[in-house]
Amino acid sequence: MREEEIERLRGVVRDCVSKHLYSSAIFFADKVAAITSDPADIYMQAQALYLGRHYRRAFHLLNASQIVLRDLRFRYLAAKCLEELKEWDQCLLMLGDAKVDEHGNITDTRECNSMYLDKDGEDREINILSAICFLRGKAYEALENRAQARLWFGLNFLCDRGEIARCYSFLFGWYKAAIKADPLCYEALECLIENHMLTCDEEKTLLSCLQFGPEDGWLSSFYSCLIKKYDKENVVEAKFRELEQSGPNTKLSDKSVLCTLKSNTDLLACKAEYYHQCGEYQKCFELTSELLEKDPFHLKCTLVHLAAAMELGHSNELYLMACNLVKDYPQKALSWFAVGCYYYCIKKYDQARRYFSKATSLDGTFASAWIGYGNAYAAQEEGDQAMSAYRTAARLFPGYHLPTLYIGMEYMRTHSFKLAEQFFMQAKSICPSDPLVYNELGVVAYHMKEYKKAVRWFEKTLSHIPSSLSEMWESTVINLAHALRKLKRYNEAIAYYERALALSTRSLSTYAGLAYTYHLQNNYTAAITYYHKALWFKPDDQFCTEMLTLALVDESRHGIDPIVKSRSGGLFM
């Protein structure tokens with residue numbers, strides 16, 4: 001057969017693959033490989049077999065060839081076949097021996113000397129070493145090295161956090177190696193971020209050491225929007241603006257790319273996630289609703305939408321979302337997580353637990369389902385089961401601070417304040433930028449009567465809030481005022497109580513605290529006024545009722561405040 005005819009058959013195979021006619025592709029690729037015995041044609045045949053799900057046959061074809069151990073493409077595709085067959089040990093053997101340190105640096109570089117023959121290679125392709133590192137990471141994870149780490153450290157959860165981090169850093173070093181070998185290997189970064197394998201600082205460090213090409217500047221900015229976003233609002237918004245509009249020094253070739261990203265669903269989903277993190281739930285919900293109209297099957301956006309709907313108490317929306325997800329994706333953990341969210345929202349916690357548990361059984365690396373499972377127990381004050389769920393999440397997701405934070409909250413609920421503080425400090429070491437961590441440290445310090453420390457933590461909370469103060473942080477402002485009152489810094493306390501009133505005018509605690517502070521200053525008239533306002537919200541409040549009586553007695557003993565007396569005299573003259 002002439003070379004032109006063989007080349008035409010190769011074109012037929014490529015066309016069959018592009019049209020997903022895999023049986024046809026296998027048929028013609030088999031004939032081409034039989035005629036030429038060219039390694040590239042054998043690889044093309046194996047590729048067609050792999051795409052047609054004939055994994056065992058594809059592996060046999062690759063393994064029988066003499067070039068499999070010398071050409072990285074052959075080894076990689078053979079390992080991919082073993083991945084699909086779930087033969088993980090054999091997969092690692094096929095990929096060969098190599099070592100990686102906790103920072104993702106490969107210490108055995110013998111693979112770099114292997115051949116890489118590809119007649120159909122594109123101008124810009126992902127480094128084959130990056131793909132191999134990623135597959136190694138998946139294989140080690142599938143072999144349950146995570147479970148081994150849980151066994152090593154499960155007996156003593158309060159052991160050195162650094163030891164746990166070092167263990168996990170080694171286990172996930174291959175994912176780091178994959179993204180460092182080629183920043184275009186997005187799947188490796190996705191695994192590290194979505195599975196909360198890295199802390200905030202580790203994520204930033206990893207991104208800073210990636211070697212982006214001059215034409216991939218936009219990708220560096222995009223990746224920075226994907227990681228945890230606890231910076232100040234102006235910093236995060238600047239990152240989004242950088243992607244949404246071209247800068248003054250942007251090349252014309254990049255400008256068209258950057259301009260089109262303004263309406264990109266992935267980017268807007270990141271922005272919605274940031275709004276949720278800041279407590280702007282309505283803003284988040286509106287954005288995700290708009291995105292899901294455009295792309296109703298965007299699963300990352302769906303997760304953020306469910307979280308926002310939960311915070312806003314939109315049970316009808318959760319019900320509709322759950323029904324649609326179970327119908328479209330019955331095998332996905334997200335679908336049953338949505339059902340659990342609906343039952344949690346309507347306070348049917350037993351049913352919520354059942355569906356959160358089902359979500360974790362379908363996907364053991366679904367962090368939100370583990371947190372929901374623990375919260376459903378905590379809502380009914382079943383502390384031991386809640387702690388078990390949170391501990392599992394903390395061990396599975398070493399870069400996720402919320403499980404550790406919730407463990408601290410459970411200890412605080414049972415008045416184990418020292419243990420609670422220890423876990424809050426661990427959460428702080430994982431994510432030192434989350435204001436919620438500092439708020440809980442302030443609360444536990446207040447309970448331990450360490451009021452100066454409490455003031456310091458509450459002030460740090462307010463300084464770490466990324467956006468302007470919203471009603472979500474009213475309790476922090478009130479707590480700070482309470483702590484200042486305990487330190488007899490009454491004027492500062494009053495200023496913070498009034499600041500809390502500016503956030504919400506319907507808080508019994510604010511009015512009661514303000515009244516009591518005025519009472520301690522012997523400003524009985526103001527105290528009586530605010531006690532009355534507090535009792536308007538809760539007429540049977542024992543503290544305010546008793547203190548109002550005392551304030552009235554004190555005022556009758558000491559007389560009306562001179563300032564008020566002179567004003568009243570002026571009015572009736």
Any heavy-atom pair between the side chains of [Y] and [X] that's under 4.5 Å?
X	Y	value
L226	F222	yes
I179	Y223	yes
L219	L184	yes
K180	I106	no
I371	P403	yes
L268	N264	no
K300	C270	yes
E280	S470	no

Under 3.5 Å, is there a donor on one side chain and an acceptor on the other for [X] and [Y]?
X	Y	answer
N439	T476	yes
N375	Y390	yes
Q422	Q426	no
D434	H464	no

Short N-O contact, [X] and [Y], less than 4.0 angstrom:
X	Y	value
D201	K204	no
E421	K428	no
K138	E141	no
E474	R499	no
R456	E459	no

Separation of [Y] [atom2] from [X] [atom1] (nearest 0.5 Å):
X	Y	atom1	atom2	value
S504	I478	OG	CD1	7.5 Å
K348	S315	NZ	OG	11.0 Å
I126	C185	CD1	SG	5.5 Å
M448	F417	CE	CZ	8.0 Å
Q282	E311	CD	CD	12.5 Å
Y438	I465	OH	CD1	12.5 Å

Practice task
Apply the test salt bridge (charged side-chain N to carboxylate O under 4.0 Å, His left out) to residues E286 and K283: give CA-CA distance (whole Å), side-chain angles for both, the deciding distance (0.1 Å), then the verdict.
Solution key: CA-CA 5 Å; E286 289 170 1; K283 202 171 178 180; over 6 Å; no
Take atom [atom1] of [X] as the centre, draw a 6.0 Å sphere, and report whether it contains more than 12 heavy atoms from other residues, nucleotides or ligands.
X	atom1	result
Y329	OH	yes
E471	CD	no
E382	CD	yes
R413	CZ	yes
D384	CG	no

Handout entry: side chain to side chain contact (heavy atoms under 4.5 Å, CB included) between S130 and F134, worked out
Key = CA-CA 6 Å; S130 176; F134 177 68; 5.8 Å; no
Can any side-chain N or O of [X] pair as donor or acceptor with the backbone N or O of [Y] at less than 3.5 Å?
X	Y	value
S388	Q385	no
H314	E317	no
D182	N127	yes
R353	Y377	no
W457	K452	no
W370	G364	yes
S416	L419	no
K228	L198	yes
T360	S357	yes

Exercise for the section: Kindly say whether the aromatic ring centers of Y451 and Y446 come within a distance under 6.0 Å. Expected result: yes
Practice task
Step through it carefully: locate the ring centre of Y274, locate the ring centre of H276, and say whether they are under 6.0 Å apart.
Solution key: no
Handout entry: Stepwise side chain to side chain contact (heavy atoms under 4.5 Å, CB included) check, V326 with W336
Key = CA-CA 7 Å; V326 169; W336 303 105; 3.7 Å; yes
Handout entry: Test side chain to side chain contact (heavy atoms under 4.5 Å, CB included) applied to L334 and L306, step by step
Key = CA-CA 10 Å; L334 179 64; L306 290 170; 3.9 Å; yes
Would you name the heavy atoms of [X] and [Y] that are closest together and state the gap between them?
X	Y	result
A378	A386	N-CB, 3.8 Å
L291	A269	CD1-N, 3.6 Å
M321	L292	CE-CD1, 4.0 Å
F212	L207	CE1-O, 4.4 Å
Y50	C81	CD1-SG, 3.8 Å
C345	L318	CB-CD1, 3.6 Å

Problem - Residue that, paired with Y355, satisfies ring-ring contact (aromatic ring centres under 6.0 Å, His included) out of Y349, Y342, Y343 - result: Y343
Problem - CA sep, side-chain torsions, deciding dist, call: H482, S509, side chain to side chain contact (heavy atoms under 4.5 Å, CB included) - result: CA-CA 10 Å; H482 288 337; S509 179; 3.4 Å; yes
Practice task
Kindly indicate, with the supporting measurements, whether the criterion salt bridge (charged side-chain N to carboxylate O under 4.0 Å, His left out) is fulfilled by E202 and K176.
Solution key: CA-CA 11 Å; E202 286 171 340; K176 292 182 184 178; 5.1 Å; no
Practice task
Would you please classify the geometry between the H196 ring and the F397 ring as parallel, tilted or perpendicular, with 30° and 60° separating the classes?
Solution key: perpendicular
Problem - Parallel, tilted or perpendicular: rings of F356 and F337 (30°, 60°) - result: tilted
